[in-house]
Each structure stands twice: as structure tokens, then as C-alpha cells.
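The next block holds one structure in the form of C-alpha cells; read it before the comments.
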Amino acid sequence: MNATPVTPLAPPVPPGPPVTRGFTGRPRAFDPGLPPGQYDARDDWPVLSAEVTPDLAPADWSFRVDGLVDTPRVWDWEQAHALPFSEYAGDIHCVTGWSRFGTRFGGVPLDVFLAAAGPLPTATHVVAYAHTGYTTNLPLADLTGGRAWIAFTHDGAPLTAEHGGPARLLVPHLYFWKSAKWIAGLRLLDHDEPGFWERNGYHARGNPWEEQRYAGD
Ligand SMILES: Nc1nc2c(c(=O)[nH]1)N[C@H]1C(S)=C(S)[C@@H](COP(=O)(O)O)O[C@H]1N2
Ligand SMILES: [Mo]
């Protein structure tokens, strides 16, 4: 089967006013349990990809940690699956406005990969890069403390290609554009270096609870 082509995102799309639900005429459900300005997408899980979905087999997937580390490391599919797994059960938030309650992802905590590579004391930031060339930057501290994963499953099933399978970064406490699909590696740096959306005006950190959507927010 061929990979499904997805509509590329036009850079950068402001979230705009909430869309009304046609048949009730009521605005979308803004939920007090969600970060400001977000609505509950319910069962809908939109696909948002700037690139065409790659046909990336597990055998062709690898994950590197390089840059300011003691030992640059690379894991293939089997090596990564020999590492301790854990689950994330909770919400995700896209900067375009949709959120999903109670998602469930499985994977390996980033702490495990980082401990193996050994970040140097000078490392403060990370550029996450995908097998497709997509990049996004994050403070190193946002990837530690059991808050970030290399995710292989969603609801117990292998991650589908359009949602980043075979493996994606998952950093659910930040806006979802930080969760790079088809993740290939992390480069540790001693400074912040904007990634794809960040060069196009999006915020360097992207904390949804502080509504850090755009640079300057
Ligand atoms: N490689 C890659 N990763 C990406 C993106 C992308 O365009 N390419 N989009 C980001 C954005 S804006 C969001 S909201 C989520 C979307 O993930 P989903 O398509 O599984 O919902 O992936 C993020 N990771
Ligand atoms: Mo997004």
C-alpha cells in the first residue's frame, strides 16, 4: 500500500476564531480542563504534517543522540525495543486549537536514551530531527524527568505512518508541534536553535498552559 499523501501545512497558520458546529449553532466546547483557547476534538485525531508521509519501515528506522554528549549513540528498532517501556496516559494539545483528552502512548522515556549518551554539562537545548528533515527545538530540561518519550504505540497498537509511525517524539506537556513524527534523533546544543515552525514565527518553548503559541507570547 502506498503512503497516503497529506495536505502540506501552509506556513504559519494562525489559529483564528473558534469554528461553530453547524447543526447546533453552538461554539466548540472550550473545556476548563484544557489550556486556554483549546477545544476538545473528541474522537477526531487530525493529521498535521508539513511533509508527505514517508514509507519508513521499522528496519529502516534508527534513533541517534548526538551533539554535546559523552558518547554519541544510535539505536535501531530492536535495540530501542530492548529498553524499558513506559506509557503516557493524558492529553495532547495542538497549537491550531484542538486538544485530545486521555490519549495513550507507549514507548521508551527519553531519560533512558539521554542517560546512555551522557549529556555534557554545557548542553542546554536540543534540536529534534525527523527522518524527513522536519526539525523542532526544545530546552533539554523539557525532555527529562519522565515527561518525554520515543513513542511506538498509540492505544496499544503500532503508531500509524500518518501519525509518525514507526516512531515519534512525544512531549505532551508542550504544544504538539514539538512532538516530531518519524523521529530520527536529538542533537544537544549549548544554545537554542529554532526548528521548522519556530523559524516561521512559532514560540521557542510552546507551553500550552501559558499559551506560548508565537514568538513573543
Ligand atoms: N515530522 C513532523 N512532525 C510533526 C509535524 C510535521 O509536520 N512533521 N507536525 C507537528 C504538529 S503541528 C502536530 S499538531 C503534530 C501532529 O501529529 P498528528 O498528525 O499525529 O496529529 O505533529 C507534530 N510533528
Ligand atoms: Mo500542531
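Just follow the structure's listing: the first ligand is 1, and inside any ligand the first atom is 1.
The distance from ligand 1 to the heavy atoms of Cys94 drops below 4.0 Å at these ligand atoms: 14 (S). For ligand 1, the atoms sitting less than 4.0 Å from at least one non-hydrogen atom of Pro46 are 18 (P), 19 (O), 21 (O), numbered in the order shown with element in parentheses. Within ligand 1, the atoms closer than 4.0 Å to a non-hydrogen atom of Ser49 are 6 (C), 7 (O), numbered from 1 in the order shown.
A donor-acceptor pair under 3.5 Å is absent between the side-chain atoms of Asp155 and the main chain of Ala157, judged by distance alone. Checking side-chain atoms of Lys178 against main-chain N and O of Asn137 turns up a donor-acceptor pair under 3.5 Å. The backbone N or O of Thr136 sits nowhere less than 3.5 Å from a side-chain atom of Glu198 that would complete a donor-acceptor pair.
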task: I would like to know whether Arg42 and Asp44 meet salt bridge (charged side-chain N to carboxylate O under 4.0 Å, His left out); could you show each step before the answer?
output: CA-CA 6 Å; Arg42 309 260 165 82; Asp44 191 25; over 6 Å; no

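Contacts with ligand 1 closer than 4.0 Å are made by side-chain heavy atoms of Trp45 only, the backbone lying farther away. No part of Lys178 comes within 4.0 Å of ligand 1, judged by heavy-atom distances. With a 4.0 Å cut-off on non-hydrogen atoms, Phe176 touches ligand 1 through its backbone as well as its side chain. Of the heavy atoms in Trp182, only side-chain atoms (C-beta onward) come closer than 4.0 Å to ligand 1.
Using the six-membered ring where Trp is involved, Trp149 and Tyr88 have ring planes that are tilted, between 30° and 60° apart.
Heavy-atom distances between Gly164 and ligand 1 stay at or above 4.0 Å for every pair. Under a 4.0 Å heavy-atom criterion, Trp98 is in contact with ligand 1.
Annotation: Trp197 places no N or O atom under 3.5 Å from an N or O atom of ligand 1; distance criterion only. On a distance-only criterion, Ala50 and ligand 1 share at least one N/O pair closer than 3.5 Å. Taking any N or O of Leu48, backbone or side chain, at least one lies under 3.5 Å from an N or O belonging to ligand 1. Inclusion of Ala130 in the set of residues having an N or O under 3.5 Å from an N or O of ligand 1 is not warranted.
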Donor-acceptor contacts, no H, no angles, side chain residues 117-130, under 3.5 Å, sequence neighbours left out:
unit_1: Tyr129; atom_1: OH; unit_2: Asp66; atom_2: OD2; d: 3.0

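Leu170 and Trp77 fall into different hydrophobic clusters, where Ile, Leu, Val, Met, Phe, Trp and Tyr residues are linked whenever their side-chain heavy atoms come under 4.5 Å apart, directly or through other members. Under the 4.5 Å side-chain heavy-atom criterion for Ile, Leu, Val, Met, Phe, Trp and Tyr, Trp61 and Leu186 are members of the same hydrophobic cluster.
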